[in-house]
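As structure tokens, the structure follows; a few thoughts come after it.
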Amino acid sequence: MKRILITFMAFGMLSCNPNRQIKERIKTGNFIGIIKNGNFSDNIGFIIEKDSVSFKVFLTS
């Protein structure tokens, strides 16, 4: 009985490998949008870049 239990446990542990297709969230890139408040609206753009130490964010309007 112990062998069967150990076999099923080993099979279960070996068959549960992590999903390698899931990638980390992408934090860099170009993001654009529109800000609206009352009768005011403006187009904005964010450029997010990463160097070896930290992130850099640039805003265009």
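- Contacts of Ile35 classified as side-chain contact (heavy atoms from CB on, under 4.5 Å), with partners at least two apart in sequence or in another chain: Ile44.
- For Leu59, the CG atom counts as densely surrounded, since its 6.0 Å shell holds more than 12 non-hydrogen atoms of other residues, nucleotides or ligands.
- Within the 4.5 Å cutoff, side-chain heavy atoms of Val57 are placed close to those of Phe46.
- Under a 4.5 Å side-chain heavy-atom criterion applied to ILVMFWY residues, the cluster that includes Ile47 comprises Phe58 as well.
- Counting only residues at least two apart or on different chains, no side chain to side chain donor-acceptor pair (under 3.5 Å) pair has a member in residues 43-56.
- The side-chain hydrogen bond (donor to acceptor under 3.5 Å, both in side chains) check on Asp42 picks up Ser61, with sequence neighbours excluded.
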